[in-house]
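Each chain gets a letter, A, B and so on, in the order its sequence line appears, and its residues count up from 1.
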Protein chains: 2
Amino acid sequence: MIDESLIPELKDLGMSEYEAKVYSMLLALRVASAREIHEITKIPRGRVYETLTVLIEKGYVNSSNENPARYSAADVSRTFDRIKHKRLDFLDKLSEKLQNLEKERSEVLLGAYELRTIWAIDKQIRLIFARAKSEIVILLNDEFFMDKYAADMVKAKKRIPVYPIIEDESFAEKLPLKCYLGDKDVNAAFFRPQQEPEASRIKLIIYSDGRESLLVFDREGIYEGVFLSNHIHAAYISRMILKNITEIKPLKKKKQKK
Amino acid sequence: MIDESLIPELKDLGMSEYEAKVYSMLLALRVASAREIHEITKIPRGRVYETLTVLIEKGYVNSSNENPARYSAADVSRTFDRIKHKRLDFLDKLSEKLQNLEKERSEVLLGAYELRTIWAIDKQIRLIFARAKSEIVILLNDEFFMDKYAADMVKAKKRIPVYPIIEDESFAEKLPLKCYLGDKDVNAAFFRPQQEPEASRIKLIIYSDGRESLLVFDREGIYEGVFLSNHIHAAYISRMILKNITEIKPLKKKKQKK
DNA sequence: TATATTGCTCCTGAGTTCAGGAGCATCATT
DNA sequence: AATGATGCTCCTGAACTCAGGAGCAATATA
């Protein structure tokens, strides 16, 4: 063959050994019948037809309708333009799909990541429960989340202190573990923020080990999360919160877990 | 996972199963440690590191230097721009290389193919010898080609008539088979064309079965060939040539093959 | 009509890729 | 010092790809 170094590159393009051999041979030889290709390349005669069929389907090769058929390589620049555009389309479409998953930029330096799907929020919350090592402070303002993570909280409490803080005493009945009420500062800051009228209601905040925090908002019906892995304020905030909370005594209800 | 359909597409991009799983998981989850990736994707924990290393090398993933290390997906649009450019460069370079083989357009309808390399010319000549079924008329004007194809001519002559036509009687000694001289028309048309002063000297012409023909020129030191597979004039030309040639009687030389 | 060639399909076995897992040294936390 | 998590390396076997080849019907040639 005229240039052996082409075969590996054509393979990188997605060709098999046979395809690469036949194609480069046809480019050099310009035109040949199946039998001739077989004799020059030593490819089994039968397989030459399959190989040519694939190359024709991929648009690399043209066949004449003589008998025996003559095969020649298609115009290279046009062929490669086509391949280029096909590849670019594929990459653009895939890139777009992936960006739907990614959506917003992350600030890697801050260790801040926006979580745009309920799936990502849920997974990250469970991961926090799983890796917490000293304490968890969790502010809850949503029955959905209370139900969802009740089991995780109970499980975590076997290892480390867990402080579920709720706005209203009545929520305590929803949760199978000891709950706390925040002071007016906590309520004002987290549960009843004044700023935006309806948007961005906080549903849940977790502070874990005084290092990480995760916030879940309900922004016009859509849950959004922010995960902060290097939250420098988290230590201070969680300490202040714990200083100013009130344990809710279980009233005449079924007995608590010890 | 958030969108299973992505995995096959990422595989098309050149990722393995593990790489595709880890990458799409990281895109959805935003950030995770190796252990967490292992737990969510069920990929063996040990293999997660290799997979991540590959993804980092390919530029899909970034790692933080915390302990344990946190991994996150690199910016998608930037990553894919990079991949795009890399692929385009590859395709452009390969396309250029291949066009060096191809060089000129072929006229498929005419069945005309320009042969730009001595390799292609040689191969096509031998293919003509191999597939000729009724006769070969070959005009020779170059010692190099006489030596080169002497054996092919002798071999072909065992099956079919072969008419080597030379300009000068003295060339006959170079060839181990009966040779012929053309008349003045043949000489004028093929061996001593007047037009161009020095360029385009004809070195060799083959007419095969009155259907195909192949011409070899020496254009300023470079051999160029033209192969005509549907040469409608070939039948007439070869008949006229054969009508007007003179057999060269072997003089006092070693005896010819019968 | 007999023979060779063509066009095509399918099978096999070697080689490779890769999912899945075992194992181990190092580091961090008790 | 002991325990457990981390970062990493290597092994194995299943699945797949693909080179190489056998075989056969349809067509062309003699």
Spacing of B:Arg35 atom CZ relative to D:dG4 atom C1', expressed in whole Å
9 Å
Could you verify whether a donor N or O on one side chain and an acceptor N or O on the other, from A:Ser72 and A:Asn62, lie under 3.5 Å apart?
no
Using a distance-only criterion (donor-acceptor N/O pair, under 3.5 Å, no hydrogens), is the base of C:dC10 paired with the side chain of A:Glu50?
yes
Go through the N and O atoms of the side chain of A:Arg45 and the base of D:dG21, and report whether any donor-acceptor pair is under 3.5 Å.
no
Would you kindly compare A:Gly46 and B:Tyr49 by the position of their nearest DNA chain D nucleotide and give the one closer to the 5′ end?
B:Tyr49
State which of D:dA30, D:dC18, C:dT6 makes the closest approach to the side chain of A:Pro68.
C:dT6
Rounded to the nearest 0.5 Å, how far apart are NZ of A:Lys86 and CG of A:Asp81?
14.0 Å
Polar side-chain contact A:Arg47-D:dA19 base: donor and acceptor under 3.5 Å
yes
Would you call B:Val54 and B:Tyr49 a side-chain contact if the rule is heavy atoms closer than 4.5 Å?
no
Distance in angstrom units between B:His38 NE2 and C:dG20 C1', rounded:
12 Å
Nearest-nucleotide check on DNA chain D, A:Met15 vs B:Ala34; residue mapping nearer the 5' end is B:Ala34
Taking everything shown except B:Lys93 itself, do over 12 heavy atoms lie less than 6.0 Å from its NZ?
no
Quick one: A:Glu17 CD to D:dA19 P, roughly how many Å, whole number?
6 Å
Between P of C:dT29 and CZ of A:Arg131, the distance in whole Å:
15 Å
In whole Å, I'd like the distance from the CD1 atom of B:Ile43 to the P atom of C:dC18.
13 Å
In whole angstrom, what separates B:Leu55's CG from C:dC18's P?
13 Å
5' precedence on DNA chain C between B:Lys133 and B:Lys11 (nearest-nucleotide basis)
B:Lys133
Under 4.5 Å between any side-chain heavy atoms of A:Leu214 and A:Ile125, yes or no?
yes
Interatomic distance, B:Ile37 CD1 vs D:dA5 P [rounded to whole Å]:
18 Å
Without decimals, in angstroms, what is the distance between A:Glu36 CD and C:dT5 P?
13 Å
By nearest-heavy-atom nucleotide on DNA chain C, the more 5' of A:Thr53 and B:Tyr18 is A:Thr53
